[in-house]
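First comes the structure, then the notes that go with it.
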Amino acid sequence: MRAGQFGGLELSTVLSKLGAFVMPSTEMMSIRNVQDTFEANGELISGSASADYYSKKLTTTIRKSVFYSELFQNNKFKN
């Protein structure tokens, strides 16, 4: 089912128009067959075929989120 993937893209447009910072779509990630990649508690299934890929991708995404958060916190926009 792809509804979540497209819903996320549409939601980012709405959040952006409300003034929220949304990471660029090139940084967004969709996870195929999420039920085969993650446990119900959110842990990666260690033996899954894509566990290494998503582990690296999630780590990079979190690091970029921290970077942008610190960037905005330390450089306040002034009108």
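Being a predicted model, the structure only gives us computed values, none of them experimental.
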For this session: Could you pull out all residues at least two apart from Tyr53 that satisfy ring pair (Phe, Tyr, Trp, His ring centres under 6.0 Å)?
Result: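 Once residues adjacent in sequence are excluded, Tyr53 has no partner under the ring pair (Phe, Tyr, Trp, His ring centres under 6.0 Å) criterion.
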Can you sort out the partners of [X] under side chain to side chain contact (heavy atoms under 4.5 Å, CB included), two or more places apart, ordered by chain and number?
X: Glu70; value: Val66, Asn74
X: Leu11; value: Leu15
X: Asn75; value: Leu71

Exercise. What's the shortest heavy-atom distance between Ser46 and Ala51, and which atoms?
Worked result: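 Where Ser46 meets Ala51 most closely, the heavy atoms are O-CB, 4.0 Å.
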For this session: Return the minimal non-hydrogen interatomic distance between Gln35 and Ile45, and the atom names on each side.
Result: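 Looking at all heavy atoms of both residues, the closest pair is O-CD1, 4.0 Å.
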Exercise. Under 3.5 Å, is there a donor-acceptor pair between the side chain of Thr59 and the main chain of Ser55?
Worked result: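 The answer is yes, because a donor-acceptor pair under 3.5 Å joins these two groups.
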Problem set entry | Main-chain N/O of Ser12 paired with Ser16 side-chain donor or acceptor, under 3.5 Å |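 Answer holds: no.
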For this session: Among Ile, Leu, Val, Met, Phe, Trp and Tyr joined by side-chain contacts under 4.5 Å, find the other residues sharing a cluster with Leu18 and list them by chain and number.
Result: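 Under the 4.5 Å side-chain rule, Leu18 groups with Val14.
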Exercise. Are Leu44 and Thr37 close enough that some pair of their side-chain heavy atoms sits under 4.5 Å apart?
Worked result: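 Yes, at least one pair of side-chain atoms sits under 4.5 Å.
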For this session: Check the angle between the aromatic planes of Tyr68 and Phe21 and answer parallel, tilted or perpendicular using the 30° and 60° thresholds.
Result: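 Rings of Tyr68 and Phe21: tilted, 30 to 60°.
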For this session: With sequence neighbours excluded, tell me which residues meet side-chain hydrogen bond (donor to acceptor under 3.5 Å, both in side chains) with Ser48.
Result: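 For Ser48 there are no side-chain hydrogen bond (donor to acceptor under 3.5 Å, both in side chains) partners, ignoring immediate neighbours.
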